[in-house]
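Please read the structure below before turning to the comments.
Note that these values count all heavy atoms, side chains included, but never hydrogens, waters or copies made by symmetry. Protein chains get the first letters and strands the later ones, always in sequence-line order, with residue 1 at the start of each.
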There are 2 protein chains.
Amino acid sequence: MNTKPLTTQEEVLALLRVEILTGALNPGQQIVQDALAEKFGVSRVPLREALKILEGEGQVAYHPHRGYFVAELSIGDLHEVYRLRALLECEAVTAAVANITERDLLTIAELAKKVRKATATGEVLAITAANRSFHFAIFELSEMPRLVRLLRQLWDATDVYRSVYFAHATNRDRILLEHDEILNALSARSVALSVRWHDTHRDNSVASVSAVIAG
Amino acid sequence: MNTKPLTTQEEVLALLRVEILTGALNPGQQIVQDALAEKFGVSRVPLREALKILEGEGQVAYHPHRGYFVAELSIGDLHEVYRLRALLECEAVTAAVANITERDLLTIAELAKKVRKATATGEVLAITAANRSFHFAIFELSEMPRLVRLLRQLWDATDVYRSVYFAHATNRDRILLEHDEILNALSARSVALSVRWHDTHRDNSVASVSAVIAG
DNA sequence: GCTAGGTAAATTGTATCCAATATCCGTGAT
DNA sequence: ATCACGGATATTGGATACAATTTACCTAGC
């Protein structure tokens with residue numbers, strides 16, 4: 001399986017996400033196109049197109065003639081995002097349970113295992129990625145592509161803070177347990193339990209993350 | 001109140017929306033950048049940046065090295081969009097009722113009147129715009145900007161078909177009545193009634209629109 | 001007649017260059 | 001001392017030119 005050659009804008013987009021995720025670009029900071037383009041070794045055009053994507057996702061704010069700025073997340077924004085996630089993930093999980101097959105369960109169990117493995121290494125970026133794969137594999141089962149797209153946007157908006165969350169060992173341990181519970185609930189085809197555990201999982205997350213923002 | 005000079009990409013974005021809305025660009029059709037840029041009298045750069053916005057909104061699909069295509073909406077997509085709207089608008093209306101002031105009610109009544117006026121003229125584009133203003137004025141009262149943003153995306157995705165919907169006189173009459181009911185429910189500060197009427201309003205809409213797509 | 005390969009045309013992707021705009025700083029007037 | 005005005009500078013916005021990729025068509029071979 002050879003990987004297709006990506007366009008420059010796609011590469012730049014991936015790089016930008018990492019920069020934002022790792023905090024190399026801090027929230028509120030202006031993104032100086034010339035400097036970044038040179039740093040990435042590309043011209044400004046693909047960089048700008050990548051920024052437009054992030055603008056659409058709300059990851060950066062755009063002011064005409066002034067430029068792009070990394071989006072800031074107030075404590076109010078954070079709660080709004082999690083409230084919306086609660087609504088939409090409930091829908092996604094409910095639909096997912098209706099569609100789930102034995103094969104899907106195996107796949108998801110496999111992804112849970114990968115989260116565990118990443119957690120063992122302690123690399124925050126790897127944990128974040130594995131965690132995302134796990135959850136979105138479930139959401140995808142809803143077979144509601146637009147719903148999944150909206151969820152991705154909401155997750156992206158808080159990724160920066162979630163990585164801080166993963167930095168704490170106690171959080172990491174709890175996550176693994178909760179993932180197991182989610183898996184159990186899905187195996188039992190229980191909508192109520194699946195949704196409940198997702199809610200718990202999220203509530204724990206928002207509590208820790210808001211502590212980070214407040215602090 | 002003088003209007004700021006818009007950047008070219010903003011103008012192009014507005015033009016593109018109209019093109020899609022009016023069906024000058026048909027769903028599924030490729031957007032040939034050179035031709036459109038010439039038609040608009042601009043270079044391809046601002047056109048591409050506008051397209052990237054629409055890509056983020058899901059209004060167009062992008063395939064690297066092949067270009068942008070106007071998004072198609074299957075009957076399944078339509079139902080998904082309306083299902084998501086139901087979830088999110090319920091939340092928005094609930095929050096709105098909690099925040100609404102006398103002043104807000106006057107503003108919304110005024111917007112309802114504008115819809116009525118636009119309906120009298122019969123210009124579909126004007127009706128669409130007025131209708132949007134009315135509904136989003138309500139959603140904005142939720143003071144949940146991200147929620148409003150998601151709703152805008154969902155509305156945009158189906159605007160093409162909604163304009164067909166407005167073309168029928170019977171639909172237009174019913175809309176006006178339903179707007180009045182919504183206004184009454186808001187005045188009474190009733191969450192239950194406000195949500196119920198929004199649901200009714202939407203259900204009538206989806207029924208007509210799906211008839212259009214199916215037919 | 002049908003398939004495979006290769007070449008040409010069309011279209012998109014990127015880089016470079018120039019124009020337009022906002023911001024910053026200094027000067028002068030009140 | 002403070003505010004208003006103006007020009008210099010930095011940064012973004014847009015146009016043009018060129019490179020890369022895909023697609024379609026045509027030819028050769030089976």
Exercise for review: Tell me which nucleotide among D:dA15, C:dG13, D:dG13 gets nearest to the side chain of B:Y68.
Suggested key: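 Closest nucleotide to the B:Y68 side chain: C:dG13.
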
Practice item. Can you label the angle between the B:H179 ring and the B:F134 ring as parallel, tilted or perpendicular, going by 30° and 60°? Key: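 B:H179 and B:F134: parallel rings.
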
Salt bridge [X]-[Y], side-chain N to carboxylate O under 4.0 Å:
| X | Y | result |
| --- | --- | --- |
| A:R44 | A:E38 | no |
| A:E57 | A:K52 | no |
| B:D156 | B:R132 | yes |

Check your understanding: Just checking B:Q9: base, sugar-phosphate only, or nothing, at a heavy-atom cut-off of under 4.0 Å?
Key ->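 If one applies the 4.0 Å heavy-atom cut-off, B:Q9 turns out to touch the sugar-phosphate alone, with no base involved.
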
Practice item. Quick one: label A:I31 by what it contacts on the DNA or RNA (base, sugar-phosphate, nothing), any heavy atom closer than 4.0 Å. Key: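 Sugar-phosphate only.
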
Without decimals, in angstroms, what is the distance between [X] [atom1] and [N] [atom2]?
| X | N | atom1 | atom2 | answer |
| --- | --- | --- | --- | --- |
| B:R66 | D:dA24 | CZ | C1' | 13 Å |
| B:K52 | C:dT12 | NZ | C1' | 11 Å |
| B:Q30 | C:dA10 | CD | P | 14 Å |
| B:H63 | D:dT23 | NE2 | C1' | 15 Å |
| A:E10 | D:dT21 | CD | P | 13 Å |
| B:Q33 | D:dT22 | CD | P | 15 Å |
| A:L47 | C:dT16 | CG | C1' | 15 Å |
| B:H65 | C:dT11 | NE2 | P | 16 Å |

Please write out the pairs of protein N or O atoms and N or O atoms of nucleotides 16-19 of chain D separated by less than 3.5 Å, giving the distance to one decimal.
none

**Study point:** side-chain hydrogen bond (donor to acceptor under 3.5 Å, both in side chains): pairs with one or both residues in residues 119-128 of chain A, sequence neighbours excluded
**Key:**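 For residues 119-128 of chain A, and leaving out neighbouring residues, there are no side-chain hydrogen bond (donor to acceptor under 3.5 Å, both in side chains) pairs at all.
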
Check your understanding: the helix from C:dG1-D:dC30 to C:dT30-D:dA1: angle between its terminal axes, five pairs each, to 10°?
Key ->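 About 20°, once rounded to a multiple of 10°.
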
Check your understanding: Taking atom types as modelled and ignoring hydrogens, do the side chains of B:Y161 and B:S210 form a donor-acceptor contact shorter than 3.5 angstrom?
Key ->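 No, no side-chain donor-acceptor contact under 3.5 Å.
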
Practice item. Scan side-chain atoms only and decide if A:D77 and A:S74 contain a donor-acceptor pair under the 3.5 Å cut-off. Key: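 A:S74 and A:D77 do have a side-chain donor-acceptor pair below 3.5 Å.
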
